[in-house]
Amino acid sequence: GWENAGVYNGFIDDVKFSHDSGFHTQPFRVTLATETEDALIYYTTDGSEPYKMEGRERNGTVYTEPLIITQTTRLRAVAVRPGWKPSDVETRGYVFLASDVRNFTSNLPIAVVDTFRRGISQGSPVFAITGIVDVGEDGRAHINGQPHFMGRSGINVRGKSSAGFPKHQYHFEVWDEYNQDADASLLGLPSESDWVLQGPYSDKSLIRNYLTYMWSNDMGRYAPRCRLIEMFLNTGSGDITYSDYGGVYILMEKIKRDE
């Protein structure tokens, strides 16, 4: 995406974060570094792209000391040096868990979606940080465990008549640093960028679609592959709390032509 306006003197190494994306319960410090000498690191915490021109000024703050993270934050950073090609923009998502959910466990994988105060509609997908924790060797998924997946995503309401149900279903997309599709394997399913979060509402058993698709696959016929999960969805401010609990969902492949 860069204009061929000359030859770079070099390529800047990517920014290294002291903490990867994950779930947290206590404040902590994040350090940023790059191995390229004399490079400056710009960062943002509002989701905007660091070092991008905003009017006559560069966006972002120059990193000078460790950052104290006290709440759910999307930290984006880039390293720059005059005459050199900037590093790739990198994002880390730090999601804080309130005391009432820190010990939440399930025999199903757990998904946590935080839209940073953005409401979700049937319009364009809104940005979210999403973390998914799979079931461990003890047969349980722990919400404060190491995420199987955690990254940038987009989400919007799916369906027509079902859009009026109290429990929505959603289109879910995995995004790269520039909100473009990025393939990812979720819970062992084949890598893709487009998924469905099907929220059983009219089916009070919660498992009719899941069983039908599973049996079809077991018989060698086509059906979307899927996994049952429990989901928390925060569209407000603050930590993830039990009031964000959305219930049982089905993470499902979106029907489309693919390899």
Side-chain angles (χ1 to χ4, degrees), residues 1-24 26-96 112-118 124-132 146-155 173-186 191-194 237:
W2 286 80
E3 180 182 359
N4 293 321
V7 178
Y8 292 113
N9 296 321
F11 298 84
I12 300 179
D13 291 307
D14 288 340
V15 177
K16 295 183 178 179
F17 295 69
S18 62
H19 288 70
D20 246 341
S21 298
F23 300 114
H24 297 271
Q26 300 294 331
F28 61 98
R29 293 175 180 267
V30 174
T31 59
L32 307 176
T34 176
E35 295 182 359
T36 303
E37 294 184 0
D38 299 325
L40 291 178
I41 296 175
Y42 282 76
Y43 71 89
T44 62
T45 57
D46 61 0
S48 61
E49 183 180 336
Y51 200 64
K52 183 178 180 181
M53 287 296 295
E54 298 289 348
R56 295 184 178 181
E57 297 182 355
R58 291 287 183 181
N59 188 38
T61 303
V62 176
Y63 172 80
T64 58
E65 60 184 0
L67 308 175
I68 301 176
I69 307 298
T70 61
Q71 60 185 354
T72 296
T73 301
R74 42 184 168 169
L75 177 60
R76 307 189 75 189
V78 64
V80 299
R81 179 179 172 181
W84 290 50
K85 185 180 185 303
S87 70
D88 291 333
V89 177
E90 298 276 350
T91 300
R92 296 294 183 272
Y94 307 119
V95 177
F96 276 70
V112 177
V113 183
D114 196 309
T115 66
F116 295 84
R117 303 181 182 181
R118 294 284 302 277
S124 299
V126 299
F127 169 84
I129 288 290
T130 298
I132 302 176
Q146 181 65 32
H148 160 78
F149 166 84
M150 192 150 196
R152 298 169 57 84
S153 57
I155 185 170
E173 302 174 353
V174 180
W175 283 355
D176 65 11
E177 290 293 341
Y178 303 98
N179 296 350
Q180 302 299 310
D181 286 350
D183 291 347
S185 173
L186 304 183
S191 291
E192 242 299 336
S193 59
D194 298 315
S237 60

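Atoms considered below: every heavy atom in the structure, side chains included; atoms not considered: hydrogens, waters and symmetry mates. Not measured: the values here are computed from a predicted model.
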- Message: Using the rule given for salt bridge (charged side-chain N to carboxylate O under 4.0 Å, His left out), can you reason through Glu35 versus Lys16, listing the C-alpha separation, both sets of side-chain angles and the distance that settles it, and then say yes or no?
- Response: CA-CA 9 Å; Glu35 295 182 359; Lys16 295 183 178 179; 2.7 Å; yes
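- Remark: the backbone N or O of Ala39 is not paired with any side-chain donor or acceptor of Thr36 at under 3.5 angstrom.
- With salt bridges taken as basic N to acidic carboxylate O contacts below 4.0 Å, none links Asp176 and Arg152.
- Without hydrogens or angle criteria, Arg117 side chain to Ser237 main chain gives no donor-acceptor distance under 3.5 Å.
- Shortest non-hydrogen contact noted between Thr115 and Arg118 is OG1-O, 2.6 Å.
- The two residues Gly22 and Pro147 make their nearest non-hydrogen contact at CA-CG, 4.2 Å.
- Thr130 places no side-chain N or O within 3.5 Å of a backbone atom of Ser153 that could act as its donor or acceptor partner.
- Side-chain contact check for Ile12 versus Thr34: some heavy-atom pair is nearer than 4.5 Å.
- Because its NZ or CZ atom is not both nearer than 6.0 Å to the ring centre of Tyr94 and within 45° of the ring axis, Arg74 does not count as a cation-pi partner of that residue.
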- Go through the steps to decide whether Phe23 and Phe96 satisfy the test ring-ring contact (aromatic ring centres under 6.0 Å, His included), and finish with yes or no. CA-CA 6 Å; Phe23 300 114; Phe96 276 70; over 10 Å; no
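- The minimum heavy-atom distance between Val78 and Val15, with the atom names listed, is C-CG2, 3.8 Å.
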- Quick one: do Glu177 and Asp88 satisfy side-chain contact (heavy atoms from CB on, under 4.5 Å)? Show the steps, please. CA-CA 9 Å; Glu177 290 293 341; Asp88 291 333; over 6 Å; no
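- By the 4.5 Å heavy-atom criterion applied to side chains, Phe17 and Leu32 are counted as neighbours.
- Contact record, Asp46 with Ser48: OD1-OG, 2.6 Å, taken as the closest heavy-atom pair.
- For the pair Asp183/Val174, no side-chain contact is recorded, criterion being any heavy-atom separation below 4.5 Å from C-beta on.
- A distance of 10.0 Å separates CG in Asn179 from CD in Glu49, rounded to the nearest 0.5 Å.
- Here the side chains of Tyr42 and Thr61 are not in contact, with every heavy-atom distance at 4.5 Å or above.
- Glu192 CD to Asp181 CG: the interatomic distance, rounded to the nearest 0.5 Å, is 8.0 Å.
- Under a 3.5 Å cut-off, the side chain of Ser21 and the backbone N or O of Gly93 do form a donor-acceptor pair.
- Rounded to the nearest 0.5 Å, atoms OG1 (Thr45) and CD1 (Ile69) are 7.5 Å apart.
- At least one side-chain heavy atom of Val95 sits under 4.5 Å from a side-chain heavy atom of Met150.
- Here Glu37 does not pair with Arg81 in a salt bridge; the nearest charged N to carboxylate O distance is not below 4.0 Å.
- Distance check: Phe28 CZ to Thr70 OG1 gives 9.5 Å after rounding to the nearest 0.5 Å.
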- Task: Assess whether side-chain contact (heavy atoms from CB on, under 4.5 Å) is satisfied between Ile41 and Val62, documenting all intermediate values.
- Result: CA-CA 6 Å; Ile41 296 175; Val62 176; over 6 Å; no
- Task: Mind running side chain to side chain donor-acceptor pair (under 3.5 Å) on Thr91 and Arg76 for me, showing each step along the way?
- Result: CA-CA 4 Å; Thr91 300; Arg76 307 189 75 189; 3.0 Å; yes
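- Within a 6.0 Å radius of CZ in Arg58, other residues, nucleotides and ligands contribute more than 12 heavy atoms.
- Between His24 and Asp20 the shortest heavy-atom distance is NE2-O, 4.4 Å.
- Here the side chains of Thr31 and Tyr63 are in contact, with some heavy-atom distance below 4.5 Å.
- The two residues Ser87 and Asp13 come nearest to each other via the heavy atoms CB-O, 3.5 Å.
- Under the 4.5 Å side-chain criterion, counting only non-hydrogen atoms from C-beta, Phe11 is not in contact with Pro86.
- The backbone N or O of Tyr51 lies less than 3.5 Å from no partner atom in the side chain of Asn59, so there is not a single donor-acceptor pair.
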